[in-house]
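What's counted below: heavy atoms across the whole structure, side chains too, no hydrogens, waters or symmetry copies.
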Amino acid sequence: MSSETSLASKWTRPDDFIKLQRLKQKKNKLAARVSNNNNRRLGLQVDETDKSKLLEAKLAQKRKNPFAKSTADAKKQRVDPEVPDQDPVVTASSCFVRETPTRPPPAKFVLQKYDPQAFAKLFQQQVNAEDEDDAELAARQKHTVHLPVDWSLKTRARFFCPTELPAIQLKTSQLASGLTSFVRCMDPQRTESTLDISDATRFNQCTYYWQHPHLPWLTLFPRTAKENVGVVVGERERKALAEEWDYSFRGLFQLLRARQCPYFYLCANTFTVLFRAAGVGGRAESHALVTPSTRGMRQALRQEGIEFSMPLKSEANGNAHDNSFTEESTSNSLGQETGEEAPTPAEEDEDDDEDWLESLGVDERELRRIQSSHARKQQAAEMREDFSDNSLLLIDGVECQGFFSYLLNAKSAISTVGRLAGVPPTLLSPIAFPKATMQHLVPRSKKVRLDGVDYFSVDIKGLILPTFLPSVAELLCETRQMFSSTLASSTNTLAFSKATQKLLESPEEPDMDGEGEDTAGQVFGEQNLSECGLLPGVVGAICRTGQHAVGLLERVCYQRGEGYAWS
């Protein structure tokens, strides 16, 4: 019994253990309270400056980067202190390390003293430079009494004038009078009629033209418009379009030959043709300009017996005129008169070369290889200027009729693949012709401010024919003191103006007077085209010859009393 009590006295009961834990917690709380009171007493004695110093020291401590590479064991390069100017020597045992050159200290920025005349000198130099540029521009500027004609098709025209331009919002009488004057080819100012003759009516008359075919869901000029993607024309539609186009093209060409139409355009997928009547552009007969051309087209024309020339062909690549077919046709005609076929000079030279090589003992296989190599070189030289302005063709006189027949039957005129497969070429004319659709340019008027001056502006986008600008210029010259115009051209038709300008400047033209103008020929051409439907001033512009009769126009300025300045 005594042993059990002794064992029980050695063990601690749970209640006693809890009491001991609570007693320890009270002691700890009492000790913490005492220590907290002591800290408060000491804190009263600590200066505020010491606290700020401690805080700054804590913030100044930089945290150690745990990913930094230790450089304690890195080998340092030994440099001889006695030779400071020499480069350090790297021993063979050391690793190959590229030495980073020491950068020179940055230069100090020193402010210069203020010079009140420095800015004046710089400004004066700038003004002098601008004056020189203006003087050079004025020296190069062309001033003419008349406005040159640009035979390239325009895609945009913008007119500026300090005074108000003709109204765009038309009244009923103005719209009807302008439409009637255009359809009937009338000049309301020079004919007795009851039509409206206001500036708005005359401007509206200048904005119409004729086109065939016209498919509202297709863009037929330019033919490469992005809106034509995904268009499919069925076989029945293709046949109907071809028949309509054939009749329309025949009627338009007959109007041209009768001088009832001064000019018209034929826009195909890969080339554009400008047909002009006799008297236009200084040519005595009706003619056609084709751009661009290819070797295949030229070869096809030769096979059809159509003679042509290349006025823009560079002299470095040969003669300005392509006389390859002309010489051949001349020799063939001489041969037919004598009853035998006469060889051409080129064939005679080739035969002489072949005979000379055979006399030297050249193998026949090697001779054929030489001939094929020479033919490839000639073909490459002929194709060098394809699809460029220099490849323009001039078909003049009776050959124009043959070229018309060629276009009627040529399969290349109507494409069978591409965006406009099965759609005939676009015919554009300022005069009505069979099955043509009348189109209208939509002008937009607004007011702009340039250099502190208010200008009235009229912007026109669309297909603009060469006679549009002379017609509008004649109207504005009569009613406005000054105006200017900016133009955007279709790059595929720039060669028409270049070729016409070169043909007018060529020495093959007839004798001219002191001013370099064939007055008799111009008057004769104007009289023959007096019934073509255009205004007399416009007819005189397209028939004018001599200097500055044709030009590439990008900007035109007019000042009454000084004339036209253009570039």
How would you list, by chain and number, every residue that makes a side chain to side chain contact (heavy atoms under 4.5 Å, CB included) with A495, sequence neighbours excluded? T291, L312, D389, L392
Scan the side chains in residues 528-535 for donor-acceptor partners under 3.5 Å anywhere in the protein, sequence neighbours excluded, and list what turns up.
residue, atom, partner, partner atom, Å
N528, ND2, F524, O, 3.2
S530, OG, Q527, O, 2.9

For residues 400-419, which residue pairs qualify under side-chain hydrogen bond (donor to acceptor under 3.5 Å, both in side chains), counting only residues two or more places apart or in two chains? R257-Q401
Result block: side-chain N/O donor-acceptor pairs under 3.5 angstrom for residues 427-436, not counting sequence neighbours:
residue, atom, partner, partner atom, Å
S429, OG, I431, N, 3.0
S429, OG, I431, O, 3.0
K435, NZ, E244, OE1, 3.0

For residues 181-192, run the donor-acceptor check on the side chains, cut-off 3.5 Å, and write out each pair with its distance to 0.1 Å, sequence neighbours left out.
residue, atom, partner, partner atom, Å
S181, OG, S177, O, 2.8
D187, OD2, R190, NH1, 2.3
Q189, OE1, R202, NH1, 3.3
T191, OG1, D187, O, 2.8

So, the side chain of N228 versus the backbone of T219: is there a donor-acceptor pair under 3.5 Å, distance only? yes
Any pair counted as side-chain hydrogen bond (donor to acceptor under 3.5 Å, both in side chains), so long as it reaches residues 265-277, sequence neighbours left out: R223-N269, R276-H287, R276-T500
Looking at F160, F159, F483, which hits ring pair (Phe, Tyr, Trp, His ring centres under 6.0 Å) with Y558? F483
Identify, with sequence neighbours excluded, every residue that meets side-chain hydrogen bond (donor to acceptor under 3.5 Å, both in side chains) alongside D246. R250
Partner set under side-chain hydrogen bond (donor to acceptor under 3.5 Å, both in side chains) for Q211, not counting sequence neighbours: none
Mind checking side chain to side chain contact (heavy atoms under 4.5 Å, CB included) for L241 and listing every partner two or more places apart, or none if nothing turns up? L215, V233, P424
Tell me every residue that passes ring-ring contact (aromatic ring centres under 6.0 Å, His included) with Y209, counting only those two or more places apart in sequence or in another chain. none
ring-ring contact (aromatic ring centres under 6.0 Å, His included) with Y455: which residues, sequence neighbours excluded? none
Would you check if there is a donor-acceptor pair between the side chains of S490 and N492 at a distance under 3.5 Å? no
Contacts of type side-chain hydrogen bond (donor to acceptor under 3.5 Å, both in side chains), residue S497, not counting sequence neighbours: D150
